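Note that these values count all heavy atoms, side chains included, but never hydrogens, waters or copies made by symmetry. Because the structure is a prediction, the values reported are computed rather than measured.
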Amino acid sequence: MRSRAVKGTYDVLPESTPAWRRLRSTTETVLGRAGVREIVPPIFEYSEIFDKSVGPSADLVVQKEMYRFEDRGGRSLTLRPEFTAGVLRAYVEHGMHTRPTPVKLWSFGPAFRAENVQRGRFRQFHQINCELLGAPGPLVDAEAIALLHDLLQALGLPDLVVALGSVGDPEDREAYNAYLREALEPREHELSDTSRERLRLNPMRVLDSKDEGDQRLVADLDTPLDRLGDAARAHLDGVAAFLDAWGIAYELAPSLVRGLDYYRRTAFEIHAQGIGAQSALAGGGRYDGLVESLGGPPTPGIGWALGVERVLDALQEAGAAPAADAGPAVFLVPMDAVAVGEAAALARRLRTDVHVEHAYTERKPGKGLRDADRAGARYAALRGAREREAGVWTLKHLASGDQREIPEAAMSAAVLEVPA
RNA sequence: GUGGGUGUAGCUCAGGGGUUAGAGCACCGGAUUGUGGUUCCGGGGGCCGUGGGUUCAAAUCCCAUCACCCACCCCA
């Protein structure tokens, strides 16, 4: 068997890296202008960090979807399945709560989940993550959503609609879960197997079921939004008011439920068309209390994560993929054995200013020009016995076919000219 | 884990019992021994996913197995 990449992993080939670079640089610009600063936490953490944050009923835990291993000292380590826990651990560890509020942090990098693969779902995948810490009010929620929206828009995804919901405060959830249990337990036998399991662990997630029977049972029930407490309701209304004021399109999602247990109040997602079943480009929410459970002071927070592969897929579908990398300003063509060395030496000197490539073996002019063409070069520069005698290179502008002889010392300037 | 689909050249895919397995694209060379893109000619490349079976004969039919893709579940 030929060696191959591990299931659920893949190689980003040179043709694709421009899209990755643009995604990253756009993120730097959009988030940077809002004062969000980059933080680079490690890719793995002590397992307790994720155990404390992710919560016992999350699928990550229930389905054993985390990559976990022991180091030589017998400590359990886990490859991050998401960013929030690690970022908040760093926030606590470095006393960042003493910094001006809110503390705004973003990250970019891989995350790992031992799931079954399909379009838009990988075992090593990448996220852009953003956390806004220390501010309790709806304004930062709205800012978080706006940043996500503006980032995706800047990348070239128009007409985005945010799905906005609320999972309420802990007491609201408790009350709502009690309501759900009361309503559903008498009819438990009518539920699907997974929903029956969820009814025990985290009843709200029954609302998520795609099983038609489940959906019929759930259809007549109150949604979490119907039973929000006054404080959570006011919070949600506040977020919505800011989004209205800023012209950001959203739809209220009455039963938007998060897969991780730590969410409070605001929850949101952005979906795309045409990229398969895994259509969530990004999702996030508020997690007041999570910092505290990681050993820090009581600290409100809200954040989101964006799936890089899904966004790139959506950009491809939208025809908004970036242009390929530019070719060299000049491609040097040695036409005899001596010129091979001359081309390499000149290339080295010119590279202090420009992108220069050259053929590595003696080339006839026809082949050399073809090489230059394929490299996407602006100019080709030929060197043979004739040029050597005169101390020049024959410089040809490939698009127009114009050519002239340039003294070697003047090559750098000549090659930087862009004829009209 | 379950269901469906697909495995033939680097890539996209034909060929569905009968001799040395094909096309397009890509790559290399020639037409053109100092002038590219187009064109023409030629070339290198294949355990036909793997193992077993049926048959005079298997890329082709049967069984098993593995891998990949899509979907369920769930999420980014």
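Judged by atom type and distance alone, A:Q118 reaches the base of B:C73 through a side-chain donor-acceptor pair under 3.5 Å. Taking 3.5 Å as the limit, the base of B:G34 and the side chain of A:Q403 contain no donor-acceptor pair of atoms between them. Scanning atom types as modelled, one donor and one acceptor separated by under 3.5 angstrom connect the side chain of A:N116 and the base of B:G1.
For A:D172 (side chain) and A:D169 (main-chain N/O), a donor-acceptor pair under 3.5 Å exists by modelled atom type. For the pair A:D336 (side chain) and A:V338 (backbone), a donor-acceptor distance under 3.5 Å is present. A:W304 places no side-chain N or O within donor-acceptor distance of the main-chain N or O of A:A282, the cut-off being under 3.5 Å. The closest donor-acceptor contact from the side chain of A:Y179 to the backbone of A:D222 lies under 3.5 Å.
Among the atoms of the strands shown, none is found under 4.0 Å from any heavy atom of A:E309. Looking at heavy-atom distances under 4.0 Å, A:E362 makes no contact with the nucleic acid at all. A:A280 comes within 4.0 angstrom of a base, heavy atoms only. Heavy atoms of A:V311 sit nowhere under 4.0 angstrom from any nucleic acid atom.
A salt bridge does not link A:E65 to A:R113: none of the charged side-chain nitrogens sits closer than 4.0 Å to a carboxylate oxygen.
Residues from residues 390-401 of chain A that place a heavy atom under 4.0 Å from any atom of RNA chain B, listed by number: A:T394, A:K396, A:L398, A:G401.
Looking only at atom types and distance, the side chain of A:Q403 has no donor-acceptor partner in the side chain of A:H397 under 3.5 Å away. Side-chain contact check for A:E417 and A:Y379: no donor-acceptor pair (N or O, by modelled atom type) lies under 3.5 Å.
A cation-pi arrangement is absent between A:R80 and A:F44, since the terminal nitrogen or guanidinium carbon is not both under 6.0 Å from the aromatic centre and inside a 45° cone about the axis.
Using a 4.0 Å cut-off, no side-chain N or O of A:R119 falls inside it from OP1 or OP2 of B:C72. Put simply, A:R374 has a side-chain N or O that comes within less than 4.0 Å of OP1 or OP2 on B:C28.
B:G17 and B:C63 have their P atoms separated by 16 Å, given to the nearest Å. Between B:G44 and B:C56, the two C1' atoms lie 35 Å apart (nearest whole Å).
The nearest pair of heavy atoms linking A:S293 to A:K52 is O-CD, 3.4 Å.
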Inset, instruction - Could you provide the dot-bracket string of RNA chain B, using ( ) for intrastrand pairs, [ ] for crossing pairs and | for bases paired to another strand, with Watson-Crick or G-U pairs below 3.5 Å? - result: ((((((((.[[[[.)..(...]]]].(((((.......))))).....[[[[[..)....]]]]])))))))....
